[in-house]
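Working notes for the structure below.
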2 protein chains.
Amino acid sequence: MTAIYDEMNEKTKEKIQNNFLQLLKEKNFMKVSVQDISIATNINRGTFYLHYQDKYDLLDQMEESLLTGLEMHLERLQPDILLVEAEQGNISMHAVEVFRYIQMNTAYFQVFLGDNNRVGFHKRLKLFFVDHFIEKMIKNKDFFKGLAVPQDYLSSFATSAFLGLIEQWLDNDLAESPSEMAEMYIQIIFFIRNL
Amino acid sequence: MTAIYDEMNEKTKEKIQNNFLQLLKEKNFMKVSVQDISIATNINRGTFYLHYQDKYDLLDQMEESLLTGLEMHLERLQPDILLVEAEQGNISMHAVEVFRYIQMNTAYFQVFLGDNNRVGFHKRLKLFFVDHFIEKMIKNKDFFKGLAVPQDYLSSFATSAFLGLIEQWLDNDLAESPSEMAEMYIQIIFFIRNL
DNA sequence: AATTCCACTCAACAACGTGTTGAGTGGTGT
DNA sequence: ACACCACTCAACACGTTGTTGAGTGGAATT
């Protein structure tokens with residue numbers, strides 16, 4: 001049975017990731033050394049290299065699993081409901097789930113989107129939203145019809161706007177509930193629409 | 001007369017900045033060493049430290065001067081015209097100047113907002129827009145009246161959306177003209193309004 | 001013409017971080 | 001008893017960092 005070894009492996013990786021996250025709250029990613037990580041984790045520096053190629057690999061894996069987590073979280077929703085919702089003034093279902101997931105992983109999002117560590121996660125998250133979220137909304141023939149703006153610009157505009165809301169929420173230490181945030185998102189989008 | 005020495009000083013700093021910019025096109029900021037910079041600039045490594053504390057300081061100064069350059073560029077416009085413009089469906093004046101300035105400094109913006117070097121400039125530029133641009137629009141009693149969303153969220157939303165447009169423009173290698181971009185911005189904003 | 005000033009060069013320094021290696025420890029499963 | 005495996009430990013060569021002290025050559029000062 002190799003399960004126990006796998007478990008040890010996982011626990012060590014978890015410890016590394018947790019302590020790395022703590023360090024990222026204090027320091028810039030660039031200034032966190034593998035030394036720092038191994039000391040904080042009470043682990044030999046060599047052990048770190050048994051699990052990760054380097055600290056970039058560590059960061060990459062953490063970002064990746066955060067995004068696939070979000071993907072799985074969203075998969076539970078029917079994929080094409082959004083369009084219908086949108087026409088009913090009810091985009092909220094998707095949005096509220098995104099905000100909920102962020103709430104479940106506050107520390108990660110605050111660090112990865114924070115002032116210090118804006119290494120690549122911002123762009124990555126943006127791409128994610130374009131693929132999983134905004135594209136569906138924009139490709140809806142009715143929702144944005146009558147607007148002569150290229151689709152890539154519209155995507156980037158809408159996605160960044162949504163991200164802006166999220167960033168502000170994180171800056172405010174999640175003062176609002178996920179539902180309130182979704183509500184806000186809808187209000188802004190439809191304010192615009194119904195003025 | 002000390003002017004000549006000042007000039008030497010400036011020319012060296014310029015050379016450093018130019019070569020640093022080239023290096024940033026090829027490599028991640030973290031992977032550009034002071035060695036690399038001094039070699040590319042044909043300068044002794046010690047000389048670099050006569051001008052900058054470290055490479056962070058260099059990046060910081062370049063970002064700073066890019067932003068103050070934008071500030072100066074915008075100052076030539078009357079500060080309160082925007083509000084009037086907005087009500088006339090004519091925000092473009094400010095927007096077009098921003099796009100024009102970006103066009104004048106394409107390389108800098110592409111590098112500082114590019115995938116590799118999203119160190120802190122994104123947030124910095126966002127703050128700039130909030131201070132100089134969006135706040136004026138949002139504080140306009142009429143423009144966003146009837147929308148029950150906290151001002152900080154509205155700021156973040158609108159600014160990020162604007163930045164999204166810029167990022168897409170840079171990704172597209174400035175395929176559109178500044179005026180076209182401004183036009184696009186207006187269209188999106190007012191589409192929304194007049195639908 | 002002699003001297004001071006200044007940007008810059010050069011070589012060397014200790015300190016630190018990196019990624020890798022080979023030998024060793026101690027629990028786990030067979 | 002044996003092999004297995006995650007992990008430790010110490011040492012390695014190498015690159016980067018920021019600093020220092022001595023020196024060079026052209027420009028300004030007297």
Side-chain angles (χ1 to χ4, degrees), chain A residues 1-65 111 116-117 119-120, chain B residues 1-65 111 116-117 119-120:
Chain A
M1 198 54 169
T2 61
I4 279 192
Y5 293 122
D6 285 3
E7 202 179 322
M8 284 178 76
N9 224 303
E10 280 309 306
K11 284 208 170 169
T12 305
K13 288 186 85 171
E14 267 179 42
K15 278 199 300 179
I16 290 176
Q17 293 196 4
N18 288 335
N19 287 291
F20 180 57
L21 192 65
Q22 293 307 313
L23 287 172
L24 283 184
K25 288 182 185 173
E26 304 159 14
K27 294 189 214 175
N28 193 317
F29 169 79
M30 315 189 207
K31 293 189 175 168
V32 175
S33 66
V34 177
Q35 297 250 32
D36 295 337
I37 300 171
S38 54
I39 290 172
T41 316
N42 269 324
I43 260 183
N44 189 276
R45 194 166 60 87
T47 305
F48 177 90
Y49 289 103
L50 294 177
H51 293 284
Y52 302 100
Q53 292 192 351
D54 45 37
K55 61 176 180 172
Y56 297 88
D57 185 35
L58 168 58
L59 182 65
D60 188 68
Q61 287 192 30
M62 288 175 71
E63 290 182 357
E64 186 66 29
S65 75
V111 164
N116 285 335
N117 308 298
V119 189
Chain B
M1 199 52 171
T2 61
I4 279 191
Y5 293 122
D6 286 2
E7 202 178 322
M8 283 177 77
N9 226 303
E10 280 310 306
K11 285 208 170 171
T12 305
K13 288 186 84 171
E14 268 178 43
K15 279 199 300 178
I16 290 175
Q17 295 196 6
N18 288 336
N19 287 290
F20 179 56
L21 192 66
Q22 292 308 313
L23 287 172
L24 284 184
K25 288 182 185 174
E26 304 160 13
K27 295 187 212 176
N28 193 317
F29 169 78
M30 315 188 207
K31 294 189 174 170
V32 175
S33 67
V34 177
Q35 296 248 36
D36 295 337
I37 301 171
S38 55
I39 289 172
T41 315
N42 270 325
I43 261 183
N44 190 275
R45 195 166 59 87
T47 306
F48 176 90
Y49 289 104
L50 294 176
H51 294 284
Y52 302 100
Q53 292 192 352
D54 46 35
K55 63 175 180 174
Y56 297 88
D57 185 35
L58 168 59
L59 182 66
D60 189 68
Q61 286 192 32
M62 286 173 72
E63 290 182 357
E64 186 67 29
S65 76
V111 164
N116 285 335
N117 308 297
V119 189

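Residue numbers start from 1 in every chain, and the chains themselves are labelled A, B, ... in the order their sequence lines are given, proteins ahead of strands.
Candidate nucleotides D/dA6, D/dT8, C/dT18 were compared by shortest atom distance to the side chain of A/M8, and D/dA6 ranks first. Listed nucleotides D/dA6, C/dG17, D/dT16 differ in distance to B/Q35; the shortest reach to its side chain belongs to D/dT16. Side chain of A/N44, nearest nucleotide from D/dG18, C/dA7, D/dT8: D/dT8. Distances from the side chain of B/T47 to the nucleotides D/dT17, C/dT9, C/dG29 place C/dT9 closest. Comparing D/dT17, C/dG29, C/dG19 by their closest approach to the side chain of B/S33 singles out D/dT17.
Proximity of A/F29 to A/F20: side-chain heavy atoms (C-beta onward) are separated by under 4.5 Å at one or more points. Between B/T41 and B/F48, the closest side-chain pair of non-hydrogen atoms is not below 4.5 Å.
Within 4.0 Å of B/D6, counting heavy atoms only, lies no atom of the nucleic acid at all. Residue contacts for A/N42: at a heavy-atom cut-off of 4.0 Å it reaches the sugar-phosphate backbone alone, with no base atom in range.
One interatomic measurement links the two molecules: OH of B/Y49 to P of D/dT16, which rounds to 11 Å at whole-angstrom precision. Atom pair A/L58:CG and C/dG19:P shows a separation of 12 Å (rounding to whole Å applied). Whole-Å rounding puts the B/I39 CD1 to C/dC10 P distance at 12 Å. Between the P atom of C/dA12 and the CZ atom of B/R45 lies a distance of 13 Å, rounded to the nearest Å. Remark: C1' of D/dT17 and CE of B/M30 are 18 Å apart, rounded to the nearest angstrom. With rounding to whole Å, B/I43 atom CD1 is found 12 Å from C/dC10 atom P. Here C/dG27 presents its C1' atom at 14 Å from CD of A/E7, a figure rounded to the nearest Å. Here C/dC6 presents its C1' atom at 11 Å from NE2 of B/H51, a figure rounded to the nearest Å.
In this structure a side-chain-to-backbone donor-acceptor pair under 3.5 Å is missing from A/K55 to A/I37.
A salt bridge links A/D36 with A/K27: at least one charged nitrogen is closer than 4.0 Å to a carboxylate oxygen.
The line from CG of A/N9 to CD1 of A/I4 is 13.0 Å long, rounded to the nearest 0.5 Å.
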